[in-house]
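What follows is a short report on a single structure.
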Amino acid sequence: MSTSKTSKITYDFDKVIDRFGTASYKWDQSEKLFGRADILPLWVADMDFQPPHEVVEAIKERANQGIYGYTIRTQGYLDAVRGWLSRRHGWEIKDEWITSSPGIVPALSLAVQAFTKPGDKVILQSPVYYPFYDVIKMNDRVVVDNALILDTDGRYKMDFDLLEKQAADGAKLLLLCTPHNPGGRVWTREELERVGEICVKHNVLIVADEIHHDLVYPGYKHYPFAGLSKAFEQQSITCIATSKTFNLAGLQAATIIIPNDEIRRKYNFLLKTLSIHMESYFGLTAVESSYNHGDDWLDQLMVYLEGNLNTLLDFVAQRLPQIKAMRPEGTYMVWLDCRAISEDPKVLKKLMFEEAGIAFSEGSVFGKQGEGYLRVNLACPRSILVEALERFAQAIESRQ
């Protein structure tokens, strides 16, 4: 939640930065993944913005030390994490609750391994970020789909009656995506409390992926799940990172918060078993600097992202009325209902890659409910967003 009201952009988010040839997962794989090198990539959740100046300078200073040895969590790092969560989200945590992971998806997989057995049931809520399926299936667990319901107002809501039945039927763990990706819902306090009540009642561990917790639009508020009650605190794992907020995914430094001593002990034991308990040399520096100096940058980023969102919504309404855009409450993703064009993933891929020369995320990877949908990443200079939308519209118009 923003701590200040910012209306004037002083950071240059319009600046187009050439990322070709930088070993970029987003920009340097287009020919391999999509069949042509001139694709405009608005797919993977990676921003095309530089992080705050203070973060870049802190990383440079760290690099200039010249010895890149094993790294530990410092008190400065712990203070920065606690300060951020208190200042931005009103959640007071303790130093000893904080542990780590190379990323949030590895943390999800660690939780599945540590707290379930092969064959156990793990709940997710589709359509959802596709690695949720991987960390369940590839660990030989069973996916239990508490599919979200598309309401008449075009927003997703949770199916609590079904969740109650699934929790009572022996599910061991729930992977909770909050805020939701790809739909952009910022779950209300009441929704999260209902989830927590069901899971506590049936002893289902909640693993809350809150990676988009800082990316919330005006009028909405993110509630840290574990901060809602003592009972939720003691039956949950919270996963956060600076990777989405400040575009630092390549530094491999997620923060995992586990208030329950026994749950944290089991998690840390597996972390050490896999020998991934050492901290990222540059990652911790970046996290500490981001949380200490990133407030103003983030406030202004959200103003810019809201401008991009309105640009997209206006464009779709005027040029692509057959497409329905789900207005996100958080994240920098927009979920487009393209079923009026086709529900066939192959048709939508051909439309994007071959005809339009763009790459949005094709929806079926988020689950069967995503067939006929595309997810657009807004976190780029507005000129790139507009060009991608124009290419998409022209390709659709050419078909007609």
Side-chain angles (χ1 to χ4, degrees), residues 101 104-151 155-188 190-212 225-226 228-229 231-232 234-239 256 258 260 263 266-267 270 335 345 361 363-373 375:
S101 169
I104 285 185
V105 174
L108 303 181
S109 188
L110 284 167
V112 169
Q113 291 180 43
F115 302 105
T116 67
K117 302 187 301 295
D120 279 350
K121 299 174 181 177
V122 178
I123 302 171
L124 54 69
Q125 296 174 305
S126 70
V128 73
Y129 184 46
Y130 43 90
F132 278 38
Y133 297 93
D134 294 340
V135 301
I136 299 172
K137 293 178 180 178
M138 295 175 75
N139 281 308
D140 198 24
R141 275 63 167 176
V142 177
V143 172
V144 175
D145 188 5
N146 180 241
L148 299 173
I149 299 168
L150 187 60
D151 209 348
R155 298 162 71 244
Y156 284 124
K157 66 178 184 179
M158 296 189 193
D159 189 337
F160 296 115
D161 292 337
L162 179 59
L163 180 61
E164 180 88 49
K165 293 176 183 177
Q166 292 167 331
D169 193 37
K172 301 296 183 183
L173 189 146
L174 165 67
L175 298 180
L176 177 66
C177 192
T178 174
H180 179 253
N181 173 16
R185 275 299 316 278
V186 176
W187 305 115
T188 65
E190 292 73 23
E191 288 170 317
L192 292 173
E193 286 177 338
R194 185 72 183 110
V195 170
E197 289 164 359
I198 291 169
C199 289
V200 168
K201 176 182 175 182
H202 297 287
N203 197 31
V204 176
L205 178 66
I206 303 100
V207 182
D209 174 0
E210 302 192 8
I211 195 169
H212 293 101
F225 175 79
L228 294 177
S229 80
F232 300 171
Q234 291 299 305
Q235 198 161 315
S236 65
I237 296 172
T238 300
C239 307
I256 313 303
I258 311 177
N260 184 296
I263 293 174
K266 289 181 179 179
Y267 175 90
L270 184 53
W335 194 227
S361 292
S364 68
V365 299
F366 299 90
K368 187 167 181 60
Q369 279 188 300
E371 292 181 0
Y373 285 78
R375 190 193 72 173

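For clarity, every value in this text was computed on a predicted model and none was experimentally measured. Numbers here are sequence positions counted from 1. Excluded from the calculations below are hydrogen atoms, water molecules and symmetry mates; all remaining heavy atoms, backbone and side chain alike, are included.
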Considering all heavy atoms of both residues, which atom of [X] and which atom of [Y] are nearest to each other, and what is their separation?
X: Val128; Y: Cys177; answer: CG2-CB, 3.9 Å
X: Met158; Y: Val195; answer: SD-CG2, 3.3 Å
X: Tyr130; Y: Val365; answer: CB-O, 3.0 Å
X: Tyr156; Y: Arg185; answer: O-NH1, 2.6 Å
X: His180; Y: Leu148; answer: NE2-CD1, 3.4 Å
X: Ser101; Y: Ala107; answer: OG-N, 3.3 Å

Mark yes or no for whether [X], through its side chain, and [Y], through its backbone, hold a donor-acceptor pair below 3.5 Å.
X: Tyr133; Y: Phe366; answer: yes
X: Glu191; Y: Thr188; answer: yes
X: Gln235; Y: Cys199; answer: yes

For this session: Determine which pairs satisfy salt bridge (charged side-chain N to carboxylate O under 4.0 Å, His left out) with at least one residue from residues 158-175, sequence neighbours left out, and list them in order.
Result: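 Checked against salt bridge (charged side-chain N to carboxylate O under 4.0 Å, His left out) - neighbours excluded - the pairs reaching residues 158-175 are Lys121-Asp169, Glu164-Arg194, Glu164-Lys201.
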Exercise. Any chance the side chains of Glu210 and Thr178 put a donor and an acceptor closer than 3.5 Å?
Worked result: no
Exercise. So, Trp187 versus Phe225, ring centres under 6.0 angstrom or not?
Worked result: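 Centroid distance Trp187-Phe225: not below 6.0 Å, so no.
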